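All of these numbers come straight from a predicted model, not from anything done at the bench. Values below: every heavy atom of this structure, side chains too, minus hydrogens, waters and symmetry copies.
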Amino acid sequence: MNKTQSERYSRQILLDKVGKAGQEKLLESRVLIVGAGGLGSPAALYLASAGVGHIGIMDDDHVDLTNMQRQIIHSSESIGIPKVLSAKKRIGMLNPDVRVSALQERLQEDNAKDIFENYDFILDATDNFEAKFLINDTCVALKKPFSYGGIQEFQGQLMTFVPGEGPCYRCIFEEPPEDGVIPTCREVGVIGCMAGIIGTLQSMEAVKYLLGIGDLLTGKLLTVDALTMEFRQVRFTKKNPECPVCGKA
């Protein structure tokens with residue numbers, strides 16, 4: 001690290017569990033965020049602030065006015081431009097140390113593997129079940145760790161999956177629900193602060209994994225209720241032996 005970097009990250013370097021070696025490890029790390037919306041916004045900002053050296057941001061959407069309530073990486077001036085370009089510009093203003101790969105494309109079966117294999121950790125900051133199951137299945141196949149996050153109304157949840165350590169996302173949720181069974185945030189709404197809480201916790205899980213510190217939410221689903229301010233962990237310690245992704249077959 002140079003003198004400027006030592007000063008920028010000085011409060012982290014003071015931590016026994018980080019130090020100079022840990023900070024250098026973060027600077028060498030690569031994290032992919034799938035989704036540059038409510039969850040991806042705070043996650044990207046905090047990962048960039050922490051000095052994660054390479055951040056990939058994947059999203060095919062454009063910024064619109066309704067995003068302003070919770071997608072804090074974007075500004076009113078960004079309305080109409082691709083979210084990944086808006087996010088890249090904001091991160092560049094925040095921390096020039098960080099290299100940002102702006103991937104303006106939709107996650108699909110034919111591109112997931114080629115993109116994921118270039119990163120150390122994946123953040124699921126998506127808002128649809130199709131993408132969440134695809135992220136899980138690809139990460140299990142590539143043995144990549146990832147953090148799942150979800151929000152709706154005044155509630156949120158997250159969980160970290162490390163291949164070989166506990167169940168995968170499909171072990172717990174099995175199959176995507178049929179269309180219309182679970183309402184979307186567009187239909188029932190979401191408080192913007194909840195996106196900040198869950199997205200920030202996802203970034204914390206990524207940092208912990210990259211540094212090899214603390215206890216990850218592996219096999220533990222953390223749920224948050226903002227109205228009662230209750231945080232609850234639901235444990236899933238065993239894999240589903242019949243899981244089509246990580247089971248016997």
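For the residue pair Lys239 and Cys171, the shortest heavy atom distance occurs at CA-SG, 4.1 Å.
Linking ILVMFWY side-chain heavy atoms closer than 4.5 Å, directly or via other members, places Val207 and Val100 in a single hydrophobic cluster.
Side-chain polar atoms of Asp97 and Tyr9 form a donor-acceptor pair below 3.5 angstrom. When only modelled atom types and interatomic distance are considered, Thr160 and Glu205 share a side-chain donor-acceptor pair under 3.5 Å. Side-chain N/O atoms of Gln202 and Tyr148 include no donor and acceptor closer than 3.5 Å. His54 and Ser29 share no donor-acceptor pair across their side chains, judged by distance under 3.5 Å alone. Side-chain contact check for Lys83 and Gln71: at least one donor-acceptor pair (N or O, by modelled atom type) lies under 3.5 Å. Remark: the Asp59 side chain and the Gln104 side chain contain no N/O donor-acceptor pair separated by less than 3.5 Å.
For the pair Asp124 and Lys132, the salt-bridge criterion is met [side-chain N within less than 4.0 Å of a carboxylate O]. Salt bridge present: Glu175 and Arg170 bring a charged side-chain N and a carboxylate O closer than 4.0 Å.
In terms of modelled atom types and a separation under 3.5 Å, the side chain of Asn111 and the main chain of Arg106 share a donor-acceptor contact.
Counting only heavy atoms from C-beta outward, the side chains of Glu153 and Ile191 never approach each other to under 4.5 Å.
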